[in-house]
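In this text, all values refer to a predicted model and were calculated from it rather than measured experimentally.
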Amino acid sequence: MLPGPLPPSVAGDKLLEVLRASRVFGGLDECILTDLAAMLEPRLVPGGQTVLGEGEAAESLLVVVSGRLRVSRRNADGSLKLYNEICPGETVGETGMILGEVRFADVTALRDSTVAELRRESFEILLRRHPVELNRVFAQAVYQKLRHVPQVAEQARAHTIVVIALRDARLGRRIARGLAEALGTYGRAGEFAGSEVDGLQLDQFEQQFEFLVLVADVDDPQRIHRLFRQADQVVFVADVAEPPELSAIEAELVGDPGFVMKRKHLALVHPADVAWPGDMRAWQQGRDLERVYPLRSGRQRDIARLARFLGSRAVGVVLGGGGARGFSHLGVLRALEENGIPVDLIGGNSMGALIGAQYACGVPLDEISERTQRFALGGERPTLPLISLLSGKRLERDLRRMFGDIHIEQLWRPFFAAACNLSQACTTVQDSGPLWRAVLASNSPAGLLPPVLWKGDLLVDGAILDNVPVAAMRGRLGTPLERRRGNGTIIAVDVDLREKLCVDPAMARLSAWRSLKGYLGGQGGGTPSIAAILYRAGHIGGMHERRRTMALADYCLEPPVGDYPLMAYRRAGEIAAAGYRHAMEQIALWNYPFHRP
């Protein structure tokens with residue numbers, strides 16, 4: 001049951017303002033909007049309270065006036081499955097009410113919110129008064145809900161981020177200032193101490209700013225709880241030198257209503273000159289976090305990356321496989337850098353994974369080119385062909401030397417490598433564990449090199465199913481609670497251009513002797529080589545799904561490198577230059593910056 005109603009003086013003007021801004025209701029005549037506002041019953045809902053319960057009769061719909069709601073369901077095992085957020089101006093519950101069904105999910109207030117309830121009897125009165133207009137509006141609302149289209153034309157109130165230092169209040173204030181500065185790139189951003197903001201001020205600030213950063217007072221648990229309830233997102237801040245165990249503040253907040261609904265992050269501050277982040281896995285244990293962000297003290301660029309994740313403006317780059325053609329990835333990355341386009345996450349398959357892993361380690365592009373050439377030209381010994389044609393020992397040795405003992409969790413920039421899991425018949429995305437092993441698995445074509453063992457499963461080159469793992473990036477970009485566009489920007493780079501693989505229609509069968517004779521005569525024999533056949537077989541799944549896969553990206557780059565042989569590793573400079581020219585031409589056509597307010 002919803003709490004008591006708001007005073008009439010609070011309701012009228014605010015309701016009309018929200019309805020006018022709504023993409024669904026905003027097109028209605030003013031007289032209909034006024035009539036609708038008069039039928040709505042505003043209520044205050046404290047953060048963490050359930051406003052609609054799964055299985056209840058759907059006898060009303062809600063319009064969010066302020067705050068945010070979260071849709072969720074309980075799985076059979078009791079775990080919580082989180083769905084979309086409902087923001088000011090959006091509605092929830094209309095489908096069930098119109099169809100006379102029961103609620104399919106719980107709807108909980110993420111923060112202290114104001115909602116306006118339209119009961120069924122009031123809805124039917126309005127339909128009799130304005131049948132054509134309201135039938136059209138509610139049909140549109142249901143359609144948009146099914147397509148996951150936001151119902152609000154623009155953000156009516158600030159996105160509120162609460163910064164809570166686990167132990168060092170000064171560190172929290174420093175990160176909050178940096179966040180406000182970074183978020184100011186995308187809209188009006190304000191930073192205030194929590195002790196300076198009461199309920200009325202918070203309401204005013206949220207109308208003045210697009211991003212509001214509030215710093216909690218470590219010594220005032222009561223105020224921390226109050227700010228936590230007002231937060232759209234929470235950023236915990238700790239120094240890497242602090243003990244990684246759960247702090248007293250975190251332990252208290254776990255019991256706060258709505259805790260599981262919040263987007264929670266941990267900013268882990270390191271010394272400015274440290275080479276690699278600390279033990280990130282120790283800080284993740286026992287915490288319900290979206291992500292741990294390693295920051296270097298005094299580096300605003302690191303805080304800017306955190307801000308892009310919080311503001312759903314992060315940029316993820318996906319690099320596909322393609323042998324020597326993958327050197328064009330270096331040209332693309334150079335073009336992104338020169339155009340000021342950040343790479344907040346990077347992932348890939350095969351050659352894309354090899355180059356992406358080095359880039360995530362902070363290796364300069366020229367050095368990546370040299371190292372990758374040496375690696376690719378190192379050769380590999382044949383072996384007894386019981387598991388594979390080649391032993392793979394040299395590749396493993398050189399990757400271990402290249403990456404050492406670095407784990408993926410230790411990188412400043414998030415990275416993943418895709419591989420095909422032969423045991424489970426699916427794509428396995430490796431985003432933890434030894435970096436060398438993830439890259440090796442992604443660069444081990446089935447039959448040519450032995451599979452990499454991972455938790456008892458066999459991993460090989462991911463191109464069998466997905467050569468450009470855009471879906472994996474989409475799932476990791478922004479919040480994991482919402483698998484949809486709008487959480488950031490994905491740039492996909494596909495260098496595995498489809499080549500013609502056929503023979504003269506008059507040819508009855510392939511002949512090894514004819515091929516050998518042709519090769520010796522410099523003609524190629526007119527038949528595909530075993531390398532071409534194996535390569536196509538290993539990439540057939542990715543080619544088949546290519547259109548669907550690339551459709552998940554926001555921007556697709558296809559450098560014109562199809563004329564370069566797959567083994568043309570000595571032409572790395574030419575191939576990279578081709579990727580650079582193509583990327584520069586395409587970026588000039590993009591609507592950049594992506595991360596506009």
What are the two closest non-hydrogen atoms of [X] and [Y], and how far apart are they?
X: A105; Y: S72; result: CB-O, 3.3 Å
X: V235; Y: A267; result: CG1-CB, 4.1 Å
X: A231; Y: K262; result: O-NZ, 2.6 Å
X: P294; Y: D302; result: O-OD2, 4.4 Å
X: A553; Y: V470; result: N-CG1, 3.7 Å
X: L345; Y: A314; result: CD1-CB, 4.2 Å

Under 3.5 Å donor-acceptor, [X] side chain and [Y] backbone:
X: R308; Y: V315; result: no
X: Q424; Y: N421; result: no
X: R291; Y: R476; result: yes
X: T185; Y: L183; result: no
X: Q49; Y: P46; result: no
X: D35; Y: C31; result: no
X: D29; Y: I32; result: no

[X]/[Y] ion pair, N-O < 4.0 Å:
X: R20; Y: E30; result: yes
X: D554; Y: R474; result: yes
X: R413; Y: D344; result: no
X: K264; Y: D288; result: yes

Measure the [atom1]-[atom2] distance between [X] and [Y] for me, rounded to the nearest 0.5 Å.
X: R281; Y: S432; atom1: CZ; atom2: OG; value: 8.5 Å
X: R305; Y: W412; atom1: CZ; atom2: CH2; value: 10.5 Å
X: L246; Y: E252; atom1: CG; atom2: CD; value: 11.0 Å
X: F236; Y: L289; atom1: CZ; atom2: CG; value: 7.5 Å
X: L319; Y: N349; atom1: CG; atom2: CG; value: 10.5 Å
X: F192; Y: L214; atom1: CZ; atom2: CG; value: 8.0 Å

Non-hydrogen side-chain atoms of [X] and [Y] separated by less than 4.5 Å:
X: R188; Y: Q208; answer: no
X: F123; Y: M97; answer: yes
X: F25; Y: F138; answer: yes
X: V71; Y: D106; answer: no
X: I303; Y: L295; answer: yes
X: R68; Y: I86; answer: no
X: E191; Y: L179; answer: no
X: V45; Y: D112; answer: no

Side chain to side chain contact (heavy atoms under 4.5 Å, CB included), that's the test. Do L61 and V63 meet it? Break it down for me. CA-CA 7 Å; L61 67 84; V63 179; 4.0 Å; yes
Matching residue for E59 among R103, R120, R119 - test: side-chain hydrogen bond (donor to acceptor under 3.5 Å, both in side chains): R120
From E94, E121, E117, residue fulfilling side-chain hydrogen bond (donor to acceptor under 3.5 Å, both in side chains) relative to S60: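 One option only clears the test, and that one is E117.
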R287 CZ: over 12 foreign heavy atoms closer than 6.0 Å: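 More than 12 within 6.0 Å, yes.
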Please say whether more than 12 non-hydrogen atoms of neighbouring residues, nucleotides or ligands are located less than 6.0 Å from CD in Q222. no
Quick one about T160 and Q230 (side-chain donor to acceptor, distance below 3.5 Å, no hydrogens or angles considered), yes or no?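 Short answer, no.
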Q233: what forms a side-chain hydrogen bond (donor to acceptor under 3.5 Å, both in side chains) with it, not counting sequence neighbours? H159, R263, H265
Would F416 and Q430 count as a side chain to side chain contact (heavy atoms under 4.5 Å, CB included) if you check the C-alpha gap in whole Å, the side-chain angles of each, and the deciding distance to 0.1 Å? CA-CA 5 Å; F416 68 82; Q430 303 160 94; over 6 Å; no
Output all residues satisfying salt bridge (charged side-chain N to carboxylate O under 4.0 Å, His left out) with E245, sequence neighbours left out; order by chain, then residue number.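 Salt bridge (charged side-chain N to carboxylate O under 4.0 Å, His left out) list for E245, sorted by chain: empty.
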Working note: C87 + V64, criterion side chain to side chain contact (heavy atoms under 4.5 Å, CB included); need CA distance, chi angles, decisive distance, verdict. CA-CA 6 Å; C87 301; V64 180; over 6 Å; no
Would you please classify the geometry between the W590 ring and the Y555 ring as parallel, tilted or perpendicular, with 30° and 60° separating the classes?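 Correct class here is tilted.
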Might you work through the salt bridge (Lys or Arg N to Asp or Glu O under 4.0 Å) test for R111 and D232, ending with a clear yes or no? CA-CA 7 Å; R111 50 187 291 190; D232 295 310; 2.9 Å; yes
Evaluate the criterion side chain to side chain contact (heavy atoms under 4.5 Å, CB included) for residue pair L118 and T91; output intermediate values, then yes/no. CA-CA 10 Å; L118 180 65; T91 58; over 6 Å; no
